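All values below were derived from every heavy atom in this structure, side-chain atoms included, with hydrogens, water molecules and symmetry-related copies excluded. We count residues from 1, following the sequence as given. If you're wondering where the values come from, they're calculated on a predicted model, not measured in any experiment.
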Amino acid sequence: MKKKVLLVEDDPHIRLGLADALEGEGYEVIEISHGSEVLPFLKQQRADLMILDVMLPGKSGFDICRDARSARFDLPILMLTAKGQEIDKVLGLELGADDYVTKPFGVRELLARVHALLRRSGAGPADSAPSTPSRIAFGDIEIDVAAMRGSRAGERFDLSSRELKVLALLFRRAGEVVSRNQLLDEVWGIEYFGTTRTLDQVIVRLRQKIEASPGECRHLLTVHGVGYRLEVTPFPS
């Protein structure tokens, strides 16, 4: 079941950008732009996490946070605060917020904090994440995970730890698109705030090992603007 994120933000551009990023990570997003609508929503529907802007029409994020905690809504709350307003951060945490992000912020930082809060609350995907398979096999690829060694059509190759982790994650979700951010979070960790270039370099090395022709990929495919998909179904001869 998709985790449900309640996004409370009155700026339509920020709201649209965050909603797209969250949906790209597999979350269901409910958007609210007016502060007075939040508590009535929470009384009627469940949410796994709330992203809450401080400055809102109708009711401030501080008031919403305080009232949500008074009403014993225990979902994680991630507040969006103004740059340089240290008092906003302190007040938000005192009122019951779990974390905050200061505007302007990077989308990867916000997503990492969302993932971390959901994991801590027991609602995140890490609690039920499957273990790494002991063997990976598809097409003419055979990989011994424990030995970190594989072969393609009988030609042997070694794998680095990161290459193996990336390939194992894609193999577990074969046929699905896995976003760059998901790969970075699971392989490099949620505290990694570097660029996706490191991941892309790992993908290049993997293609050199598992593809018969890296320039014409049949297994490790790029889904432009999103991430990668591992295709393991047989190809017609």
**Glu231 bridged to Arg229 by N-O distance under 4.0 Å** = yes
**Asked** Do Met50 and Val5 come within less than 4.5 Å of each other through their side chains, counting heavy atoms only?
**Response** no
**Item:** Interatomic spacing from CD1 in Ile51 to CG in Leu18 - rounded to 0.5 Å
**Value:** 6.0 Å
**Complete:** Closest non-hydrogen atoms of Leu56 and Asp10, given as atom of the first, atom of the second and distance, are CD2-N, 3.8 Å
**Request:** Give the cluster check for Leu110 versus Val29: same hydrophobic cluster or not, with ILVMFWY residues linked at side-chain heavy-atom distances below 4.5 Å.
**Result:** yes
**Message:** Run Leu42 and Leu6 through side chain to side chain contact (heavy atoms under 4.5 Å, CB included) and show every step you take.
**Reply:** CA-CA 9 Å; Leu42 290 175; Leu6 177 60; 3.9 Å; yes
**Prompt:** At their closest point, which heavy atom of Asp48 faces which heavy atom of Pro76, and how far apart are they?
**Reply:** O-CD, 3.0 Å
**Item:** Ring-ring centroid check His115 Tyr27, cutoff 6.0 Å
**Value:** yes
**Prompt:** Checking side chain to side chain contact (heavy atoms under 4.5 Å, CB included) for the pair Tyr228/Leu221: CA distance, chi angles, key distance, verdict?
**Reply:** CA-CA 6 Å; Tyr228 299 99; Leu221 309 178; over 6 Å; no
**Message:** For Glu211, is there an ion pair with Arg152 - N to carboxylate O distance below 4.0 angstrom?
**Reply:** no
**Message:** Can you confirm whether Met79 sits close enough to Phe62 that some side-chain heavy atom of one is under 4.5 Å from a side-chain heavy atom of the other?
**Reply:** yes
**Item:** Donor-acceptor pair between Thr198 and Gln201 side chains, under 3.5 angstrom
**Value:** no
**Request:** Mind running side chain to side chain contact (heavy atoms under 4.5 Å, CB included) on Leu169 and Phe171 for me, showing each step along the way?
**Result:** CA-CA 5 Å; Leu169 175 55; Phe171 182 72; over 6 Å; no
**Request:** Please report the shortest heavy-atom distance between Ser161 and Met148, naming the atom on each side.
**Result:** N-CE, 3.3 Å
**Fill in**
On a heavy-atom basis, the closest approach of Asp11 and Glu9 is N-OE2, 2.8 Å
**Request:** Could you check Leu80 against Val8 for side chain to side chain contact (heavy atoms under 4.5 Å, CB included), going step by step and ending with a plain yes or no?
**Result:** CA-CA 10 Å; Leu80 307 181; Val8 187; over 6 Å; no
**Prompt:** If you measure from CD on Glu155 to CD1 on Ile141, what distance do you get to the nearest 0.5 Å?
**Reply:** 10.0 Å
**Prompt:** Quick one: CD1 on Ile203 to CZ on Arg205, what's the gap to the nearest 0.5 Å?
**Reply:** 10.0 Å
**Asked** Taking atom CZ of Arg149 as the centre, does the number of heavy atoms from other residues, nucleotides or ligands within less than 6.0 Å exceed 12?
**Response** no
**Carboxylate-amine/guanidinium proximity below 4.0 Å for Asp200 and Arg180** = yes
**Message:** Between Arg207 and Thr222, is there a side-chain donor-acceptor contact under 3.5 Å, judged purely by atom types and distance?
**Reply:** yes
**Asked** With a 4.0 Å cut-off, would you call Lys165 and Glu186 a salt bridge?
**Response** no
**Minimum heavy-atom distance between Cys65 and Ile77, given as atom pair plus value** = SG-CD1, 4.0 Å
**Prompt:** With side chains defined as the heavy atoms from C-beta onward, is the minimum distance between Leu184 and Arg108 less than 4.5 Å?
**Reply:** yes
**Item:** ILVMFWY cluster, Ile64 and Phe41 together (side-chain gap under 4.5 Å)
**Value:** yes
**Asked** Is a side-chain donor or acceptor of Lys209 paired with a backbone partner of Phe157 at a separation under 3.5 angstrom?
**Response** no
**Asked** How many angstroms lie between atom CG of Asp98 and atom CG of Leu52, to the nearest 0.5 angstrom?
**Response** 11.5 Å
**Message:** If you define the side chain from C-beta out and look only at heavy atoms, does anything of Ile30 sit under 4.5 Å from Leu7?
**Reply:** no
**Request:** Could you grab the distance from atom CG of Leu22 to atom CD of Glu31, nearest 0.5 Å is fine?
**Result:** 9.5 Å
**Item:** Short N-O contact, Asp67 and Arg69, less than 4.0 angstrom
**Value:** no
**Message:** Could you tell me if the side chain of Leu49 sits less than 4.5 Å from the side chain of Lys3, heavy atoms only?
**Reply:** no
**Val145-Val232 co-clustered via ILVMFWY side chain contacts under 4.5 Å** = yes
**Asked** Do the side chains of Val177 and Leu230 join up, straight or via other hydrophobic residues, at under 4.5 Å, putting them in one cluster?
**Response** no
**Prompt:** Is Arg113 salt-bridged to Asp99, cutoff N-O under 4.0 Å?
**Reply:** yes
**Fill in**
Nearest heavy-atom contact between Cys217 and Leu220 is CB-O, 3.5 Å
**Asked** Say you draw a straight line from CD1 of Ile143 to CD1 of Ile136; how long is it, rounded to the nearest 0.5 Å?
**Response** 5.0 Å
**Check ion pair Asp53-Lys103 (N to O, under 4.0 angstrom)** = yes
**Prompt:** When clusters are formed by joining ILVMFWY residues with side-chain heavy atoms under 4.5 Å apart, either directly or through shared neighbours, do Leu117 and Val107 land in the same one?
**Reply:** yes
